[in-house]
2 protein chains.
Amino acid sequence: MKQTTIKTIASELHLSVSTISRALNDHPDIHEDTKKIVRQLADKLGYRPNIIARNLKSSKSNQIGVIVPEIRHDFFANALSGIEEVAYQKGYTVILAQSNEDQKREEINLNSMYQHRASGIIISASQTTVNYAHFEKLLERGVKMVFFDRVVNGLNVSSVRVDDRLSAYNAVKYLIRKGYTQIIHFAGPQSLEICRNRLAGYKEALLELGVDIAPIVIEGGMHEIDGYNHVSKLESFRKGQSLRMLASLVFQTILLQR
Amino acid sequence: MKQTTIKTIASELHLSVSTISRALNDHPDIHEDTKKIVRQLADKLGYRPNIIARNLKSSKSNQIGVIVPEIRHDFFANALSGIEEVAYQKGYTVILAQSNEDQKREEINLNSMYQHRASGIIISASQTTVNYAHFEKLLERGVKMVFFDRVVNGLNVSSVRVDDRLSAYNAVKYLIRKGYTQIIHFAGPQSLEICRNRLAGYKEALLELGVDIAPIVIEGGMHEIDGYNHVSKLESFRKGQSLRMLASLVFQTILLQR
DNA sequence: CTGAAAGCGCTAACAA
DNA sequence: TTGTTAGCGCTTTCAG
C-alpha cells in the first residue's frame, strides 16, 4: 500500500503541493477554509508527515545523541532519564548508545551520530578510551559536544561533573549532625580520581567536625558484590551493630557506584 | 563553512555524482583506481555521508524506537541495555523515550517515532494507559510493534513477558536446596498480577518442596524504601538473624522491583 | 566502467 | 491567497 504524501493530497484536492504543505503547517497565508479541507483529507487518508524529508530539507535532525559506558548502571540510567526529560520538553528526540567501556564501540557510535546529523552529542567516556582523536576530529568539525562525569582532560569542551569531595563531605557532616559516632567509608579503588575525592571529603569532614570519631576505611570495588562483601567483613567484627545501619550502608554503596 | 557532499567531490574530480556514490559504496562496477582516488579526496575533505538523505531515498530509518515508563527503573534500564546491544549488533540505532507513566506522553512519543519512520517500536505501556486507540491506530497502519513486560491485553500483537510465577518458584526451590529453613517473601501489592504470580510461585514451591517451612509473607510496595521498611520490620522480631541473609534480601527486593 | 537524469517528500523563494 | 519551481544529498535505473 502506497503511503499518503503531501502530493497525494494535492492531486486529490486539485491544489498544489505547496498549498498543502503550508496548510498543514498552519501558515498564515492560507485561507481557513482551505486549511480545514486539507486537514480533513489528511486525517482521512492517515497522512503522516515524513520527518526524514523535512530534516533533509532543513539539514538538521532535532535528535540529540547520548553515549554512556553502560546503560544499566544506576548512575547513568538516572542521567539518561534527566537528559530525556529535558530533550522531550524542548522537542528533541534522544538517540542512545552504550560503549560497554570499549573505545572502538564508542568511536563507531560517535561516528554514527555524527552522520545522523545529531544536533548535539552528550557523552561519558569509556574507561578504555585513551586516545582522543575521535573526539578531536568531531570537535574540529564543529560538532556540539558535552562531556559528563567521565570527563576527558585536555579537550576544549564543556563538561558536567560531580563534586565528589563536597558530596562525601556533606554526607559525613549530615551523619555527624545526626549524632552518629561510628562512620565507616566504603572506598573505591584509589587509582580513580572520583574515589580519591570521596575519601578526601570523608576525611576532611571527620577532621573538621568529628575529631572524636575514628576514621574507618574499607577499600574495594564499586559493584554490588563489593558492597555485599564489605558488609560481610563488617559483620565479622561487629556483631552487635544495628541492622538498620548496615542496610543503609548497603543502599549507599549501590547508589554511589558509577 | 559548506559541508562536503558527494557533489563537491564529483566536481573536484570531474566525475559524475553517481560514480562517486558507487565508489563510496564499494560498488563492483567501479574501477579500483577510481575508488581509491575518490576515497582519498573524501577523506581529505572530511566527507560524511548524509544518512538522512539516504534514509529519505530508501524510505527507512534503521532506527528502532523504545518507550518505557521510567528509564531509571533498574528493570527497564536493563531491558534497554539489552535492546541497545542487539540493535547495535544488527546495525540499528535506538531512539529512546520515557512516558513517565503518562498516557498522553506515551502517545506523543509513539507518534513521533511513527513519523520518524522507526523500523519498529518496542514498548512497555504506562500504568495510566487505559485507552488503546493509539496502539490500534498504528497497528492498523502496519507499524511493527512489540510489547514487553507491561503488556496490553486484547491487542493482536507480539509481546515478551516474564514468567513471574516460575521465577519465584525457582528462587525458592534454590533456597530450599541450599538448606535454608526460613524463607520470607516480600510481596508486592496483590492488586498487581505480577505480584500475585510471584506469591503463587513462592507458595507453590513451599508446598511442594518445603512442607516443613512455614510461609512468611510481608506485603508492601515495590520501591527501595519499601525494601528498607521490610527489613526494619524483620529486624524488630528477628534480632538474631544473620546479617548476610538480610543484606541478600534487600538486594533481592531491589532487583525484583519493576 | 562511467554518466545523465529522475525521484525520495518536503519547504520556500519567487511569481502570479 | 495560491502555484511553479528548484533543491536538500543520495541512490538507481537506463544508456552509453
Side-chain angles (χ1 to χ4, degrees), chain A residues 1-39 41-42 45-63 111-119 141, chain B residues 1-39 41-42 45-63 91 112-119 141:
Chain A
M1 179 191 100
K2 246 350 212 94
Q3 282 281 350
T4 12
T5 75
I6 234 175
K7 214 153 135 195
T8 329
I9 304 183
S11 69
E12 196 94 347
L13 251 34
H14 301 291
L15 285 171
S16 77
V17 288
S18 47
T19 303
I20 308 299
S21 168
R22 284 188 275 244
L24 257 15
N25 289 311
D26 204 20
H27 192 102
D29 276 2
I30 301 292
H31 196 94
E32 270 310 323
D33 297 350
T34 321
K35 285 185 189 171
K36 213 161 79 188
I37 306 189
V38 171
R39 287 201 197 107
L41 186 62
L45 262 38
Y47 167 77
R48 60 169 165 167
N50 187 326
I51 298 207
I52 300 183
R54 183 179 299 171
N55 286 346
L56 174 58
K57 181 67 185 165
S58 64
S59 62
K60 50 184 173 187
S61 66
N62 286 321
Q63 298 196 131
N111 219 44
S112 158
M113 290 176 181
Y114 178 51
Q115 296 183 175
H116 271 286
R117 267 50 181 181
S119 309
R141 300 201 183 155
Chain B
M1 179 192 99
K2 254 335 219 99
Q3 283 281 350
T4 359
T5 75
I6 235 175
K7 214 154 135 195
T8 328
I9 304 183
S11 69
E12 196 95 347
L13 253 33
H14 300 290
L15 284 172
S16 76
V17 288
S18 44
T19 302
I20 308 299
S21 169
R22 283 189 274 243
L24 257 15
N25 290 311
D26 204 19
H27 191 103
D29 275 2
I30 302 292
H31 196 93
E32 270 309 323
D33 296 349
T34 320
K35 284 185 189 171
K36 214 161 78 187
I37 305 189
V38 171
R39 286 200 198 108
L41 186 63
L45 262 38
Y47 168 76
R48 60 168 165 166
N50 188 326
I51 298 207
I52 300 182
R54 183 179 298 171
N55 286 347
L56 173 58
K57 182 68 185 165
S58 63
S59 61
K60 51 184 172 186
S61 66
N62 286 321
Q63 299 196 132
S112 159
M113 291 177 180
Y114 177 52
Q115 295 183 176
H116 272 285
R117 266 54 180 177
S119 309
R141 300 202 184 153

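In what follows, every chain begins at residue 1, and chains take the letters A, B, ... in the order their sequences are listed.
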Is it true that a side-chain atom of [X] and a backbone atom of [Y] form a donor plus acceptor pair closer than 3.5 Å?
{"X": "Arg22(B)", "Y": "Ile30(B)", "value": "no"}
{"X": "Arg48(A)", "Y": "Tyr114(B)", "value": "yes"}
{"X": "Ser11(B)", "Y": "Thr8(B)", "value": "yes"}

Nearest-0.5 Å distance that lies between atom CG in Leu13(A) and atom OG1 in Thr19(A): 10.0 Å
Gap separating the CD1 atom of Ile37(A) from the CD atom of Glu12(A), nearest 0.5 angstrom: 12.5 Å
Report yes if at least one side-chain N or O of [X] is closer than 4.0 Å to OP1 or OP2 of [N]; otherwise report no.
{"X": "Thr5(B)", "N": "dG9(D)", "answer": "no"}
{"X": "Lys60(B)", "N": "dC8(C)", "answer": "no"}
{"X": "Thr19(B)", "N": "dG3(C)", "answer": "yes"}
{"X": "Ser21(A)", "N": "dT11(C)", "answer": "yes"}
{"X": "Arg54(B)", "N": "dG9(D)", "answer": "no"}

Residue met sooner reading DNA chain C from 5', once Lys57(B) and His31(B) are mapped to nucleotides: His31(B)
Polar side-chain contact Arg22(A)-dG3(D) base: donor and acceptor under 3.5 Å: yes
Heavy-atom donor-acceptor pair, Ser18(A) side-chain to dT5(D) base, under 3.5 Å: no
Considering every strand and a 4.0 Å limit on heavy-atom distances, what is the contact class for [X]: base, sugar-phosphate, or nothing?
{"X": "Ser59(B)", "answer": "nothing"}
{"X": "Asn25(B)", "answer": "sugar-phosphate"}
{"X": "Thr34(A)", "answer": "sugar-phosphate"}
{"X": "Leu15(B)", "answer": "sugar-phosphate"}
{"X": "Asn50(A)", "answer": "sugar-phosphate"}

Along DNA chain D (nearest heavy atom to each residue), the more 5'-positioned of Ile30(A) and Val17(A): Ile30(A)
For the pair made of [atom1] in [X] and [atom2] in [N], what is the distance, rounded to whole Å?
{"X": "Leu56(A)", "N": "dC10(D)", "atom1": "CG", "atom2": "P", "value": "9 Å"}
{"X": "Ile9(B)", "N": "dG3(C)", "atom1": "CD1", "atom2": "C1'", "value": "17 Å"}
{"X": "Asn55(B)", "N": "dC10(D)", "atom1": "CG", "atom2": "P", "value": "12 Å"}
{"X": "Arg48(B)", "N": "dG9(D)", "atom1": "CZ", "atom2": "P", "value": "11 Å"}
{"X": "Asp26(A)", "N": "dT2(D)", "atom1": "CG", "atom2": "P", "value": "13 Å"}
{"X": "Asp29(A)", "N": "dT4(D)", "atom1": "CG", "atom2": "C1'", "value": "16 Å"}
{"X": "Gln115(B)", "N": "dG9(C)", "atom1": "CD", "atom2": "C1'", "value": "13 Å"}
{"X": "His27(A)", "N": "dG3(D)", "atom1": "NE2", "atom2": "P", "value": "14 Å"}

Which nucleotide in dC10(C), dG3(C), dT4(D) has an atom nearest any side-chain atom of Tyr47(A): dC10(C)
Ile6(B) side-chain proximity, nearest of dC8(C), dT11(D), dT11(C): dT11(D)
Charged N-O contact under 4.0 Å between Lys35(A) and Asp29(A): no
